[in-house]
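Below is one structure, written out as structure tokens, with a few remarks after it.
Each ligand, and each atom within it, is numbered from 1 in the order the structure gives. Sequential numbering from 1 along the given sequence is applied to the chain's residues.
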Amino acid sequence: MNGTRTFTMIKPDAVEGGHIGAILESINSNNFRIVAMKMSALSKVEAETFYAVHRERPFFADLVEYMTSGPIVAAVLEKDNAVEDFRTLIGATNPADAAEGTIRARFATSIAANAVHGSDSDENAAIEAAFHFAGREIF
Ligand code: CMP
């Protein structure tokens, strides 16, 4: 392994908006190596499980509905300091607060439909990658 790993999803709004290519280009040109990737769709139970940490939040039901509204692209990314550097690249959760040039500033439409997910710790990155990928799908 060259560096550390983070997990990302291109969310339904960004897939629907035709932004997969531009987001992958941004990932590549910022020196992240894609070590796993696939397009899939989350079931309600899968979305509830993936976002279980937010179960008590007022936006939980909307979040699950949104994340099951269409396909997503899941990927594992490798780079030195991957978790923190990827969170810098995607920008703040709320696109209104996201720095210019970040993926969310460019492609997110709201705090809920915010284009991409990025893990918040190395530990969660490993959990989230294992949720979406078998070991033989990560290179
Ligand atoms: P993400 O960082 O992937 O993980 C939690 C998600 O919940 C977040 O992106 C948003 O899509 C959503 N979210 C977070 N805060 C809010 C909020 N205040 N209102 C609606 N959705 C939110």
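Taking every heavy atom of His117 and a limit of under 4.0 angstrom, the matching atoms of ligand 1 come to 1 (P), 3 (O). Close approach of ligand 1 to Asn114 (heavy-atom distance below 4.0 Å) involves ligand atoms 8 (C), 9 (O), 10 (C), 11 (O).
Side chain of Ser26 to main chain of Ala22: no donor-acceptor pair is present (N/O by atom type, distance under 3.5 Å, no hydrogens or angles). A distance-only check finds a donor-acceptor pair linking the side chain of Glu78 to the backbone of Asn2 [under 3.5 Å].
Contact annotation: the side chain of Glu128 never approaches that of Thr6 to less than 4.5 Å [non-hydrogen atoms, C-beta and beyond]. In this structure the side chain of Val15 reaches within 4.5 angstrom of the side chain of Met39, judged on heavy atoms. Looking at Phe32 and Leu89, their side chains come closer than 4.5 Å, going by heavy atoms from C-beta outward. Using a 4.5 Å heavy-atom threshold, the side chains of Ile27 and Met37 count as separate. Residues Arg33 and Lys79 form no side-chain contact, since every pair of their non-hydrogen atoms from C-beta on lies 4.5 Å or further apart.
The nearest protein atom to atom 11 (O) of ligand 1, hydrogens excluded, is given as Ala112 O, 2.9 Å; this is a heavy-atom distance. The shortest contact between atom 5 (C) of ligand 1 and any protein heavy atom is with His54 NE2, 3.4 Å. Nearest non-hydrogen protein atom to atom 6 (C) of ligand 1 is Leu63 CD1, 3.8 Å. For atom 14 (C) of ligand 1, the closest heavy atom belonging to the protein is Phe59 CZ, 3.6 Å. Residue, atom and distance of the protein heavy atom nearest to atom 2 (O) of ligand 1 are Arg104 NH2, 3.7 Å.
Under 4.0 Å from ligand 1, heavy atoms of Ile111 appear from its side chain as well as its backbone. Contacts with ligand 1 closer than 4.0 Å are made by no heavy atom of Arg57, backbone or side chain. Residue contacts with ligand 1, taken as heavy atom pairs separated by less than 4.0 Å, do not involve Met67 at all.
Between Arg87 and ligand 1 there is no heavy-atom distance shorter than 4.0 Å. Heavy atoms of Lys11 approach ligand 1 to within less than 4.0 angstrom.
Classification of the His117-Phe7 ring pair by plane angle, with boundaries at 30° and 60°, yields tilted.
When the heavy atoms of Tyr51, Tyr66, Phe60 are ranked by distance to atom 4 (O) of ligand 1, first place goes to Tyr51.
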Q) Can you check side chain to side chain contact (heavy atoms under 4.5 Å, CB included) on Ser43 and Thr68, steps first, answer last? A) CA-CA 6 Å; Ser43 70; Thr68 56; 6.0 Å; no
